[in-house]
Amino acid sequence: QVQLVESGGGLVQPGGSLRLSCAASGFTLDYYHIGWFRQAPGKEREGVSCISISGLRKNYADSVKGRFSMSRDNAKNTAYLQMSSLNPEDTAVYYCAASLVGCDYSDIDYWGQGTRVTVSS
């Protein structure tokens, strides 16, 4: 069964950090671009970051640049999103996604089920 499973979400205080993981099963991530998206309550899903197949190219939304860092470990078939200096505006359900083409929403082949991140004191 092909699936992406996110983990690592939770409740964190403003200024805190979390690391999200995205584990693939049923297929190998080696040939896929991997993206992280998020959807806050009442808002549309937005792209957060994207890492290329090689891992050499990474893109970030302006709202998270300098605070979030994405990585991948193909040997573990897993990708990560390290989030720091979190603020309440980062509260959302975070989704990982895999694409053979790129990280545009319309190009996504597989979606995870999401993991909730809540930033609150």
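With sequence neighbours excluded, the residues satisfying side-chain hydrogen bond (donor to acceptor under 3.5 Å, both in side chains) with K65 are D62. Judged as a side-chain hydrogen bond (donor to acceptor under 3.5 Å, both in side chains), and not counting sequence neighbours, the contacts of R67 are D90. Every residue two or more places apart in sequence or in another chain that forms a side-chain hydrogen bond (donor to acceptor under 3.5 Å, both in side chains) with T28 is listed here: D30. With sequence neighbours left out, S54 forms a side chain to side chain contact (heavy atoms under 4.5 Å, CB included) with S52, L56. Every residue meeting the side-chain hydrogen bond (donor to acceptor under 3.5 Å, both in side chains) condition with Y94, not counting sequence neighbours, appears here in chain and number order: R38.
Under the 4.5 angstrom side-chain criterion for Ile, Leu, Val, Met, Phe, Trp and Tyr, the cluster partners of V93 are F37, Y95, Y105, I108, W111.
Looking at T78, its side chain does come within 3.5 Å of a backbone N or O of K76 through a donor-acceptor pair. At least one donor-acceptor pair closer than 3.5 Å links the side chain of E6 to the backbone N or O of C96. Although no hydrogens or angles enter the test, the distance criterion places no donor-acceptor pair under 3.5 Å between the side chain of N87 and the main chain of G15. Without hydrogens or angle criteria, H33 side chain to S99 main chain gives no donor-acceptor distance under 3.5 Å.
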Working for side chain to side chain contact (heavy atoms under 4.5 Å, CB included), residues L20 and T115: CA-CA 8 Å; L20 305 183; T115 184; 4.0 Å; yes
Set out, in order, the CA-CA distance, both residues' side-chain angles and the distance that settles side chain to side chain contact (heavy atoms under 4.5 Å, CB included) for I34 and I53, then state yes or no. CA-CA 8 Å; I34 306 168; I53 292 171; over 6 Å; no
The test is side chain to side chain contact (heavy atoms under 4.5 Å, CB included); show your working for L81 and R19 and say whether it passes. CA-CA 6 Å; L81 183 67; R19 188 176 81 154; over 6 Å; no
Stepwise, does the side chain to side chain contact (heavy atoms under 4.5 Å, CB included) test hold for I51 with Y80? CA-CA 10 Å; I51 188 168; Y80 305 95; over 6 Å; no
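Using a 4.5 Å cut-off on side-chain heavy atoms (C-beta onward), M70 and N59 make no contact. Side-chain contact check for V48 versus Y60: every heavy-atom pair is 4.5 Å or farther apart. Between C50 and K58 there is no side-chain heavy-atom pair separated by less than 4.5 Å. Annotation: side chain of S120 is in contact with side chain of L11 (closest heavy-atom distance under 4.5 Å). Two residues are said to be in side-chain contact when any heavy atoms from C-beta on lie closer than 4.5 Å; L29 and L4 meet this criterion. Side-chain contact between V5 and Q113 is present, with at least one heavy-atom pair separated by less than 4.5 Å.
Rounding to the nearest 0.5 Å places OG of S25 at 8.0 Å from CG of N77. Taken from OG in S63 to CD in E46, the straight-line distance is 5.5 Å, to the nearest 0.5 Å. Within the model, atoms NZ of K43 and OG1 of T91 stand 10.0 Å from one another, a figure rounded to the nearest 0.5 Å.
When all heavy atoms of S17 and S85 are compared, the closest pair comes out as OG-N, 4.4 Å. V2 and Y110 make their closest contact through CG1-CE2, 3.3 Å (heavy atoms, listed as atom of the first residue, atom of the second, distance). In plain terms, the two heavy atoms of A61 and G47 that are nearest each other are CB-O, 3.6 Å.
Ring-plane geometry between Y32 and F27 is classed as perpendicular, the angle between the planes exceeding 60 degrees on a 0 to 90 degree scale with a lower cut at 30.
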